[in-house]
Amino acid sequence: MRVPILKQGDYLIAPIQSALSDADFLRMQNELVDQVGKLRSRGVIVDVTALDVMDSFATRTLRSTALMTRLRGAETVIVGVQPEVAFSMVQLGLTLRMEDVETALDLDEGLAFLDRQTKG
Amino acid sequence: MVTQPEEWGARSVAALRRELVEHFTEKREELRQQWVEQMTAKGLLAGLTQTEIETESATIYDTCIGCLETGQYDRAQTYATTLAERGVLRGMTSEQIIGGMLTLRDVYGRSLFERYQKDMKRLSAALDIYEPVANKILSIIALAFIDEREKVVRQQQEAIREISTPVLQVRNRLLIMPIIGLIDAQRARQLTEQLLRSIRANRAKVVVIDITGVPTVDSKVANNLIQTVEASRLMGAVVIVTGLSAEVSQTLVTIGVDLSKLNTVGDLQGGIEAADRLLGYKVITTEQATEIR
Amino acid sequence: MADEMRVPISTDADIITARQKGRALAEWVGFSGSDLTIIASAISELARNIIEYAGHGEIIIRLAERGARRGIVIVARDDGPGIPDVALAMQDGYSTGKGLGLGLPGARRLMDEFEIVSEVGKGTTVTVGKWR
Ligand SMILES: Nc1ncnc2c1ncn2[C@@H]1O[C@H](COP(=O)(O)OP(=O)(O)OP(=O)(O)O)[C@@H](O)[C@H]1O
Ligand SMILES: [Mg+2]
């Protein structure tokens, strides 16, 4: 299932809509990094509300997406991590790997965060 | 039971079993009435309506005959479970249930005695068939009740825990969770799950966890707290921990707990102020407030 | 529902199938909330290791009963290269690939029971269980 990438002003939004295969994850990563460069976006929001599992692969991929877009001048925020998913990620030991990645409650909060970062 | 006499071989046991089933089916109304009367006399039916008594007693009666006939107990098992659910829910006691089943066992037994009293061999063979079935049913029902009781107790404990640690919304986007009492692994898990759900439900941005009321904070408790903080952060919320005394922090650091991940503030008041600053509220004294007005 | 489900694992899409089936069975057993996510995450880690290190294998998900307790048992098996040093592979952060090295130790933390049997050249079988 392909993740659409939406442009909203200076930002890119990737709303994940269902469980993603590893290949889909990597494609999303490539497209985001690519588009950030092309469009000179200042921020990226990856909405993971629809994910019912975030395993080590998903976490690793999201983190490297964030680091790669940052190198290209865009801050990435992960929004919508569900309570159960957060709980399970902590048990798995994945949180450490997310320490340098920004998170926000939902899309609105993610946008507000990016506005503060880029305009404030 | 001792060895079975020669004349009661497998075939005659099967025949006698059929005969018992027929007997109990024929006498269904009479025996069921006797059973209900005896239970009423013993006060075992307190709290049940007439319709309930009629339907439950008929179902139990027929289920028992079914077990006798087929030697299969899964229907009895299923029925016992629902009976237990309903019974426990309505506050029926184990005396009522087990007393009721013992009474039924007596009613069945007595009627066998009446029927076969002239033929002691046949009677003893009949009892050999009937008793194990009756005992098995009795134990199924008793176990179902014990299981159900335990389930209810567990649920109540969980509910009490949840009430005893409220997550309070003090203002928009700010939650406070005052923890009182010991924290073991299970409670830590329950607290974390409860907090994470509340963060989502209230769209919280800042959470103050106050542990003033936690008697001992050891490395386990601290690590659990760190996990709670990390999970909250994944959801986009910041956690401030208050009520961790300087001495305890010192000890924890000495034994190697990495407290750098905990955002700590001395007391609850200070924690709320810090939270307000994070949320962008300005904390002002009442005097200042009057001036502004 | 059957007491046991087998999911062949040979592409990354199979990982999703395996964890969805695991989740469904776990729900049927009576697990809820975080436990469902935890079980699905463990399946995800084990299935991905199969793809990554063995190429293909299978995930078996079964109902389990122990006295009055019900649970779920997941077996992840493959005929791949095996793990030379299991104790090392179980350490947080150890990876021979480009992973975080959290899959196996993480799955152990997530589940109530964990067992791994691996023989170089023969394959690897990881069995995990969770009880209600
Ligand atoms: N099924 C398997 N067959 C062969 N080797 C395996 C298998 N599963 C794990 N391993 C070995 O054990 C190591 C640790 O596995 P683990 O799942 O913990 O981490 P990872 O897969 O390297 O990274 P992560 O799972 O965090 O993405 C792997 O790097 C690999 O060498
Ligand atoms: Mg792995």
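Heavy atoms only: backbone and side chains are in, while hydrogens, waters and symmetry mates are out. Since we're looking at a predicted model, the values are computed, not measured. Chain A is the first sequence line, chain B the second, and so forth, proteins listed ahead of strands; every chain is numbered from 1.
In terms of heavy-atom pairs under 4.5 angstrom with chain B, the leader among A:Val79, A:Val81, A:Val101, A:Leu105 is A:Leu105. Put simply, of A:Glu84, A:Gln82, A:Met89, the one with the most heavy-atom pairs under 4.5 Å next to chain B is A:Gln82.
No side-chain donor-acceptor contact under 3.5 Å links B:Tyr79 and B:Asp74. Using modelled atom types and a 3.5 Å distance limit, the side chains of B:Gln190 and B:Gln186 yield no donor-acceptor pair.
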Contacts under 3.5 angstrom, residues 48-60 of chain A side chains, donor-acceptor by atom type, not counting sequence neighbours:
unit_1	atom_1	unit_2	atom_2	d
A:Thr49	OG1	A:Asp47	OD1	2.5
A:Asp52	OD2	C:Arg23	NH1	3.2
A:Asp55	OD1	A:Phe57	N	3.3
A:Asp55	OD1	A:Ala58	N	3.0
A:Asp55	OD2	C:Ser44	OG	2.6
A:Asp55	OD2	C:Arg48	NH1	2.6
A:Asp55	OD2	C:Arg48	NH2	3.4
A:Ser56	OG	C:Glu45	OE1	2.7
A:Ser56	OG	C:Glu45	OE2	3.1
A:Thr59	OG1	A:Asp55	O	2.8
A:Arg60	NH1	C:Lys98	O	3.4

Without placing hydrogens or testing angles, list every side-chain donor-acceptor pair under 3.5 Å for residues 69-78 of chain A, not counting sequence neighbours.
unit_1	atom_1	unit_2	atom_2	d
A:Thr69	OG1	A:Thr65	O	3.1
A:Thr69	OG1	A:Ala66	O	3.1
A:Thr69	OG1	A:Ala74	O	3.3
A:Thr69	OG1	A:Thr76	OG1	2.6
A:Arg70	NH2	A:Glu75	OE2	3.1
A:Arg70	NH2	A:Asp100	O	2.9
A:Arg72	NH1	A:Val33	O	3.2

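For B:Ile199, the parts lying under 4.5 angstrom from a heavy atom of chain A are both the backbone and the side chain.
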